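Only one structure is covered here, and it is reproduced in the block below.
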Amino acid sequence: MPTVYVLDVPENRPVVEVASRDDRVAVRAVGPYTRLSSSAPIVIDRRETGCRHAVWYSCLAGLAAGRVVQWDKNALRVEAS
Amino acid sequence: MPTAPLPHLARGVDHAAFPTLDPAGTIRFYRDVLGFPVVHSICAAGWGPEKHPDFVHFFFDIGNDDRIAFFHYFGFEPPMVSARGDAFARFNDEMPSFYIASRHLAIHVESAEHLNEYQHRLDLSDWPTELRVQHETIESIYTHDPNGYLLEITRALRPVTPQEDHDAALSVQALLDIADAGDLTLDALLRRKAELIVAHAEDRDPLPTPERVR
């Protein structure tokens, strides 16, 4: 089950919000981080987040049971490893 | 991992020093364009076994009593392999620009208004602002000074939060761990960080960070 951790700071909240629109994505606080895990690949559309590039390309704090297969100006996609 | 924080005794930048082949341009840029006060200088005759040239060493205040300083060595022309790089280091075409631009001095200002003021001063000069960008939590302007040194002037978009200090401590520990394991990739870093995030999730003050001085 791909799992990512996102630090809970204001700039990252749209990333969590967009990711959690997928009902398969479970959202849980782990310390000062938000853990997103899913039975399916985690896919986040960058334009929907409205994140500027510097925020977008540094939004991942941790990665477990998954691998990043796309992280570009369009989307972040994490699949089970 | 250290078990107790080491006393943090350092107190910021006294001075950062660079050589200059263009002292006139350097003085015009730092004193006249940016308005940084001249605060110290040393004019010295060369001596010693290495045929040290005569030189002048001059300092500009960059705020908080911190200083940027330059050496000009009279009559000295360093061997240069190309025009790429700056007065200290030159590179051939194989060196990518991201690496050349990685070493820089960033000077802090307190507000967007103050950043705008420096952008305005640069844009009226021979060294206009090359880039203005919002990073993760700071906004910066950039130019190259007359010596080719990359200069950044930056402001905080918001204060740094405690969870970011925590995250930085985890990042650095993860980097140390993957370096020791001989697996230096972003993927490995994020995996190791995930382990540390879980391990330290319940800690209120999880990793030892040096005493913070404000």
Side-chain angles (χ1 to χ4, degrees), chain A residues 1-17 19 25-38 41-44 46-47 49-73 75-81, chain B residues 98 101-102 104 106 112 131-142 152 154-178 183-207 209:
Chain A
M1 184 175 284
T3 299
V4 300
Y5 294 87
V6 177
L7 184 65
D8 183 26
V9 291
E11 292 80 3
N12 288 341
R13 281 176 200 146
V15 174
V16 173
E17 197 274 315
V25 172
V27 181
R28 189 158 75 87
V30 177
Y33 297 87
T34 303
R35 191 184 81 165
L36 304 168
S37 55
S38 176
I42 297 170
V43 183
I44 304 169
R46 185 189 69 84
R47 291 178 186 84
T49 69
C51 288
R52 58 182 178 271
H53 285 174
V55 171
W56 175 247
Y57 289 109
S58 63
C59 69
L60 277 193
L63 180 65
R67 62 194 176 96
V68 175
V69 297
Q70 181 187 3
W71 193 355
D72 57 25
K73 65 182 191 303
L76 170 66
R77 184 180 178 92
V78 180
E79 296 181 351
S81 55
Chain B
F98 73 81
S102 64
H104 64 279
L131 181 68
R132 179 165 181 148
V133 62
Q134 288 194 355
H135 297 289
E136 292 84 348
T137 60
I138 62 174
E139 182 179 31
S140 301
I141 58 175
Y142 295 88
E152 174 180 358
T154 190
R155 73 176 180 101
L157 292 167
R158 60 165 174 78
V160 173
T161 64
Q163 64 263 40
E164 285 169 298
D165 289 342
H166 171 79
D167 186 63
L170 294 192
S171 292
V172 167
Q173 187 60 48
L175 178 59
L176 179 61
D177 293 345
I178 65 170
D183 187 15
L184 274 170
T185 65
L186 180 60
D187 210 57
L189 180 78
L190 294 177
R191 289 178 194 285
R192 179 61 187 140
K193 261 190 82 179
E195 295 170 358
L196 293 172
I197 287 167
V198 172
H200 294 280
E202 304 309 319
D203 303 357
R204 287 298 97 192
D205 186 18
L207 279 179
T209 52

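Here is how names work: the chains are called A, B, and so on, in the same order as the sequence lines, proteins then strands, and each is numbered from 1. Being a predicted model, the structure only gives us computed values, none of them experimental.
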Between A:P32, A:A29, A:C51, the one whose heavy-atom pairs under 4.5 Å with chain B are most numerous: A:P32
Where A:L60 and B:L190 come nearest, the two heavy atoms and their spacing: O-CD2, 3.5 Å
Quick one: side chains of residues 6-15 of chain A, donor-acceptor pairs under 3.5 Å with protein atoms, not counting sequence neighbours, listed by atom name and distance.
unit_1: A:D8; atom_1: OD1; unit_2: A:R13; atom_2: NE; d: 2.9
unit_1: A:D8; atom_1: OD1; unit_2: A:R13; atom_2: NH2; d: 3.3
unit_1: A:E11; atom_1: OE1; unit_2: B:R158; atom_2: NE; d: 3.1
unit_1: A:E11; atom_1: OE1; unit_2: B:R158; atom_2: NH2; d: 2.7
unit_1: A:E11; atom_1: OE2; unit_2: B:R158; atom_2: NE; d: 2.7
unit_1: A:N12; atom_1: ND2; unit_2: A:L7; atom_2: O; d: 3.0

Contacting moiety of B:E164, where chain A heavy atoms sit under 4.5 Å: both
Could you pull out all residues at least two apart from B:D187 that satisfy side-chain hydrogen bond (donor to acceptor under 3.5 Å, both in side chains)? B:R191
Heavy-atom proximity to chain A below 4.5 Å, by part of B:L186: side chain
Count the heavy atoms of every other residue, nucleotide or ligand shown that sit under 6.0 Å from CZ of A:R67, and state whether that count exceeds 12. no
Nearest 0.5 Å, what's the CD-CZ distance between B:E136 and A:R52? 8.0 Å
Return the minimal non-hydrogen interatomic distance between A:V30 and B:A201, and the atom names on each side. CG1-CB, 3.4 Å
State, with a plain yes or no, whether a side-chain heavy atom of A:Y33 is found less than 4.5 Å away from one of B:H166. yes
